[in-house]
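The next block holds one structure in the form of structure tokens; read it before the comments.
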Amino acid sequence: MAAPPPTRGGRGGGAAAAPPPTPPTVGFVPLPGGALAPRGAASSGGGGRALLRRPRRSLRPPAPAAAARRPVRRAGAGATAAAGGGAPRTPPGAPSAGITDGAAAPTGAGGAPAAGAPPTDGGILIDAAGGDHLREECGVVGVWGDAAAAATCYYGLHALQHRGQEGAGIVTSAPDAGELLEHKGLGLVSEVFGNVADLERLTGTAAIGHNRYSTAGAKSVRNVQPLVATFRDGPVSVAHNGNLTNAPRLRVELELRGSIFHTSSDTEVILHLMATSVSSAGELSRRVADALGRVEGAYSVLILSRDALVAVRDPRGFRPLVLGALPSGAPMLASESCALDLAGAALVREVEPGEMLVLSAAGVTSDFPFARARRRACVFEHIYFSKPSSVVFGRSVYASRVRFGELLAATAGVPAADVVVPVPESGVPAALGFSAASGVPFQQGILRSHYVGRTFIQPSQGVRDIGVKLKLAPVRSVIAGKVVVAVDDSIVRGTTSKKIVRMLRDAGATEVHMRIACPPIVGSCYYGVDTPDRESLISYRNDVEATRAYIGADSLGFLPLDGLHDFLGEEADTFCDACFSGNYPILPVE
Ligand SMILES: O=P(O)(O)OC[C@H]1O[C@H](OP(=O)(O)OP(=O)(O)O)[C@H](O)[C@@H]1O
Ligand SMILES: NC(=O)CC[C@H](N)C(=O)O
């Protein structure tokens with residue numbers, strides 16, 4: 001794929017160097033119950049095929065004392081970025097253009113910001129508004145027909161803790177019980193379930209669980225999932241990973257028809273749409289299909305009633321969802337395969353985009369009740385979110401990251417480097433790949449404290465600044481007197497990179513070259529990743545050279561977008577890369 005024009009110094013990738021310039025741098029596992037064959041005409045499972053099969057395949061630059069929220073500036077002409085290209089801009093503000101498929105967001109002439117963008121004056125973006133670190137999404141887990149359902153979910157949530165640290169919860173269903181049992185709260189899984197009695201109280205053989213980091217709605221205990229509602233024919237609970245791009249509009253419609261919302265979460269619209277479904281007297285799966293047929297955006301969702309567990313992935317399959325089987329044969333569902341691993345379940349396959357699985361006493365059925373769409377799996381799952389031990393979208397996350405590092409070494413190598421140092425944790429596999437491909441030795445020149453969780457990295461600039469120092473420490477014996485290549489998975493606000501460069505220089509590095517194993521992030525995510533507003537993304541306002549100057553590195557290089565596409569190969573157009581390209585499969589509807 002051709003790189004966009006380098007209007008603003010190679011936003012799409014490549015490297016920028018400080019003057020003097022450096023060179024460019026289970027087999028089949030039976031489930032309890034009956035039918036295993038998909039029942040939808042368009043089922044990818046294929047008429048007689050077994051259902052259980054192997055898978056197919058914080059820029060928050062610290063503001064100078066008087067600079068908080070000062071006018072945005074950007075690098076002007078003359079930036080010294082190397083190869084790469086610009087990426088289209090996302091439209092200003094939250095667009096309301098309905099659904100598009102593959103439509104690039106409006107771009108100003110020559111790659112400049114579209115109309116409505118803040119003024120620029122040739123400097124570097126400084127934006128001191130609040131915001132957390134990036135790794136925030138949500139994780140879901142579910143199990144059916146398991147005597148220890150709540151405990152299995154608990155382990156699954158532990159394995160998925162990296163996907164959300166704001167709140168956690170588990171809801172269980174016992175056969176013949178009149179209600180669903182729930183326990184949830186704000187905090188980490190270990191905090192919410194710190195009292196084992198809370199877990200023991202959750203009896204039942206079916207359960208769903210959720211780790212939340214909000215993408216819509218407040219960070220309040222009310223919004224912690226799974227959400228539970230009581231319909232006239234029984235209670236229903238929902239756990240959702242993703243973001244519904246038309247939730248605000250649906251909410252207004254529902255409220256005008258009398259729905260009373262109890263949360264500010266987008267997820268609640270699913271419950272109200274189910275309650276008001278034309279199939280409200282019918283079986284759960286029909287209501288779910290009716291409801292989800294009206295929502296747009298990203299959802300990997302688990303819905304539990306007294307009689308069934310329904311798992312659905314949106315037609316574009318933005319967010320992951322896998323099916324596994326416990327040693328007993330009981331089916332388990334999770335955002336990532338690492339949750340199956342911890343619970344002792346075997347990975348069976350992905351839930352397909354647009355697929356609805358219904359787990360009940362009758363067995364497991366598969367259906368594809370929605371209009372088909374091209375898959376748009378989130379490529380950032382491979383770059384940053386998912387755990388390296390997971391298989392996501394049919395690919396090993398670890399292998400992807402190592403390959404990103406190898407490609408980075410090939411496109412933005414550092415001649416005469418002495419040592420490759422990863423920025424823990426997410427930068428480690430890419431640094432290994434960079435080292436292997438370049439022949440420069442890998443060393444753990446930065447160590448991560450295991451006693452600092454993100455709980456302590458609060459959304460205030462002062463605490464965030466100290467947060468990086470609390471979390472990461474240099475190893476002087478590795479760094480001193482060396483030309484260091486520091487490899488990280490991504491730059492969001494630039495906070496971490498700036499601190500890392502300073503830290504390495506203070507530890508005696510003679511040169512520090514930052515290498516980033518993904519393209520510059522230029523757009524916010526509308527599909528369940530809690531990226532900050534694009535105004536806070538350092539690469540939205542700054543070209544590679546201006547970013548390099550801000551973080552203070554001797555050179556800065558990104559994995560180019562076309563390199564990422566080459567890596568994805570024939571699957572490239574089945575991945576969503578909107579945060580790098582501005583190519584949004586669906587735009588939000590207000
Ligand atoms: O540019 P910034 O706004 O600083 O954000 C980018 C940083 O955030 C992430 O690390 P995180 O702190 O989530 O830790 P991890 O690598 O251990 O997941 C990522 O790996 C970068 O290091
Ligand atoms: N990150 C997510 O998947 C969040 C789920 C849902 N949109 C919420 O905000 O609760």
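When a ligand or atom number is given, it counts from 1 through the structure's own listing order.
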Atoms in ligand 2 flagged as close to G528, the criterion being non-hydrogen separation under 4.0 Å: 1 (N)
Closest non-hydrogen contact found for P424 with R448 is CB-CB, 3.9 Å
Does the distance from a Lys or Arg side-chain N to an Asp or Glu carboxylate O, for E296 and R316, drop under 4.0 Å? no
Min side-chain heavy-atom separation I303-V236 under 4.5 Å: yes
Have a look at ligand 2 and work out which part of T215, if any, has a heavy atom under 4.0 Å from it: side chain, backbone, both or neither. both
If the contact criterion is a heavy-atom separation under 4.0 Å, does K471 count as touching ligand 1? yes
Numbering the atoms of ligand 2 from 1, which are under 4.0 Å from a heavy atom of C138? 1 (N), 2 (C), 3 (O), 4 (C), 5 (C)
Is ligand 2 under 4.0 Å from a heavy atom in the side chain of Q225, in the backbone, in both, or in neither? side chain
Using the rule given for salt bridge (charged side-chain N to carboxylate O under 4.0 Å, His left out), can you reason through R505 versus D554, listing the C-alpha separation, both sets of side-chain angles and the distance that settles it, and then say yes or no? CA-CA 11 Å; R505 289 201 195 285; D554 291 285; 3.0 Å; yes
Let me see the working for R163 and E381 under salt bridge (charged side-chain N to carboxylate O under 4.0 Å, His left out), right down to the final yes or no. CA-CA 10 Å; R163 297 183 71 87; E381 292 278 353; 2.8 Å; yes
When you measure from the centre of the six-membered ring of F575, is the NZ or CZ of R375 under 6.0 Å away and within 45° of the axis? yes
Of the backbone atoms (N, CA, C, O) and the side-chain heavy atoms from C-beta on, which set of T496 has a member under 4.0 Å from an atom of ligand 1: side chain, backbone, both, or neither? both
Tell me whether R251 forms a cation-pi arrangement with F261, defined as NZ or CZ under 6.0 Å from the six-membered ring centre and within 45 degrees of its axis. yes
Residues E535, R541: salt bridge by 4.0 Å N-O rule: yes
Would you say N243 touches ligand 2, if touching means a heavy atom closer than 4.0 Å? yes
Need the ligand 2 atom indices (1-based, order shown) with element for anything under 4.0 Å from a heavy-atom of N241. 2 (C), 3 (O)
Using a strict cut-off of 4.0 Å, indicate which atoms of ligand 2 neighbour a heavy atom of S214. 9 (O)
Give yes or no for whether the N/O distance cutoff of 3.5 Å, strictly under, is met between R212 and ligand 2. yes
I'd like to check which ligand 2 atoms, numbered from 1 as shown, lie under 4.0 Å from a non-hydrogen atom of D266. 6 (C), 7 (N), 8 (C), 9 (O)
Report yes if some heavy atom in the side chain of F434 is under 4.5 Å from a heavy atom in the side chain of F404; otherwise report no. no
D488: numbered ligand 1 atoms lying under 4.0 Å from its heavy atoms: 20 (O), 21 (C), 22 (O)
Note: ligand 1 atoms sitting under 4.0 Å from heavy atoms of E425 are 15 (P), 16 (O), 17 (O)
Are V143 and L333 close enough that some pair of their side-chain heavy atoms sits under 4.5 Å apart? no
Distance filter under 4.0 Å to Y213 heavy atoms, resulting ligand 2 atoms: 1 (N), 2 (C), 4 (C)
Indicate, as side chain, backbone, both or neither, the part of T267 found under 4.0 angstrom from ligand 2 when only non-hydrogen atoms are considered. side chain
Quick check on contacts: which atoms of ligand 1 are under 4.0 angstrom from a heavy atom of D489? 19 (C), 20 (O)
Examine ligand 2 and decide if any of its atoms is less than 4.0 Å from a heavy atom belonging to G217. no
Using a 3.5 Å cut-off on N or O atoms only, is S497 in polar contact with ligand 1? no
What atoms of ligand 1 come closer than 4.0 angstrom to any heavy atom of P424? 16 (O), 17 (O)
Measuring from the heavy atoms of H162, does anything fall under 4.0 Å of ligand 1? no
Hey, are E355 and R313 close enough for a salt bridge, meaning a charged N less than 4.0 Å from a carboxylate O? no
Output the list of atoms in ligand 1 that are nearer than 4.0 Å to some heavy atom of V492, sorted by atom number. 1 (O), 2 (P), 3 (O), 5 (O), 6 (C)
Proximal ligand 1 atoms for G494, defined as those under 4.0 Å from one of its heavy atoms: 1 (O), 2 (P), 3 (O)
Test of ring centre spacing under 6.0 Å for H162 and F385: no
Numbered atoms and elements of ligand 1 in range of S490, under 4.0 angstrom, heavy atoms: 6 (C), 19 (C), 21 (C)
A quick test of your reading: do over 12 heavy atoms of other residues, nucleotides or ligands sit less than 6.0 Å from CD of Q444? no
So the atoms of ligand 2 within less than 4.0 Å of a heavy atom of G242 turn out to be 2 (C), 3 (O), 4 (C), 5 (C), 6 (C), 7 (N)
May I ask you to check if R403 and Y398 form a cation-pi contact, with NZ or CZ under 6.0 angstrom from the six-membered ring centre and within 45° of the axis? no
